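These notes concern the structure reproduced below.
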Amino acid sequence: AHRDDIIYVDAMLPDVKPDPKKAKVEGLPSTVKTIVSVVFKDRHFAVMRLCLDSRKAYFYDGLAWSVRNWSSHMNYILNLYGIPLKNWKSTLATGHDSMDGIMIKQNDTNNCGPIACMVLWKLFRPSSVDLAQLQTTDYRAVIIDELRRMLKQSYESCIVYKRERKPRRI
């Protein structure tokens, strides 16, 4: 079942500077209390969670970059829904911020995407995978398996483009 209190919204790229005067404000259902987005900058992914009632922004970032790196993403989403930018508190999220004790820490340069997927799963409360039992470096394989399962399950509803591999030159 889908939740009606949390939504996922694309936060665009950091070089997109939304102009609140020119932007068309979209309506937000009254049941929505949280907006979640994957944010991307300088070849790095993180997850942003905006809690509307408390006006608190959490950034789940395995490299623990400054929350200022993600402010353009946050401003874009807030402007999109006509939410005032004032009085928001931004913080790096910890293992206690809806992560069931899983610490968000990246020890390499290539697992930010799988970590972001893991955070999304935890925020949207999946029950099929126990991520607490995995090492950070194992997320990629588990995520690929889950994406394949979801694609197989939803294949008829999806538009899938499959590239043919180029023949190898010997």
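All values reported here derive from a predicted model rather than from experimental measurement.
No donor-acceptor distance shorter than 3.5 angstrom exists from the side chain of Lys56 to the backbone of Asp53, with no hydrogens or angles considered. In this structure a side-chain-to-backbone donor-acceptor pair under 3.5 Å is present from Ser66 to Arg68. Ser90 places no side-chain N or O within donor-acceptor distance of the main-chain N or O of Ala57, the cut-off being under 3.5 Å.
Between Pro114 and Asn111, the closest side-chain pair of non-hydrogen atoms falls below 4.5 Å. Annotation: side chain of Ile77 is in contact with side chain of Met48 (closest heavy-atom distance under 4.5 Å). Taking the side chain as every heavy atom from C-beta outward, Tyr8 and Val38 approach each other to under 4.5 Å. Contact annotation: the side chain of Tyr60 never approaches that of Leu92 to less than 4.5 Å [non-hydrogen atoms, C-beta and beyond]. Annotation: side chain of Leu28 is in contact with side chain of Leu52 (closest heavy-atom distance under 4.5 Å). For the pair Arg49 and Phe59, the minimum side-chain heavy-atom distance is 4.5 Å or more. In this structure, Asp42 and Asn69 have side chains that are not in contact, with every pair of non-hydrogen atoms separated by 4.5 Å or more. For the pair Val36/Val47, a side-chain contact is recorded, criterion being any heavy-atom separation below 4.5 Å from C-beta on.
Of all the heavy atoms in Asp10 and Tyr76, the pair that sits closest is O-CE2, 3.7 Å. Val67 and Thr91 make their closest contact through CG1-C, 3.7 Å (heavy atoms, listed as atom of the first residue, atom of the second, distance). When every heavy atom of Cys112 is checked against every heavy atom of Gln106, the shortest pair comes out as CB-OE1, 3.2 Å. Heavy-atom minimum distance, Ala93 versus Tyr58: CB-CB, 4.1 Å.
To the nearest 0.5 angstrom, Asn79 atom CG is 11.0 Å from Ser72 atom OG. Expressed to the nearest 0.5 Å, how far OG of Ser54 lies from NZ of Lys89 amounts to 10.0 Å.
Between the side chains of Asp61 and His44, a donor-acceptor pair is found at a separation under 3.5 Å.
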For Arg55 and Ile83, run side-chain contact (heavy atoms from CB on, under 4.5 Å): C-alpha distance rounded to whole Å, both residues' side-chain angles, the deciding distance at 0.1 Å, then the answer. CA-CA 10 Å; Arg55 301 183 75 76; Ile83 301 168; 4.2 Å; yes

Candidate pair Leu78 and Leu50, rule side-chain contact (heavy atoms from CB on, under 4.5 Å), full reasoning: CA-CA 9 Å; Leu78 294 175; Leu50 302 175; 4.1 Å; yes

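Below 30°, between 30° and 60°, or above 60°: for Phe45 and Phe40 the angle between ring planes is between 30° and 60°, a tilted geometry.
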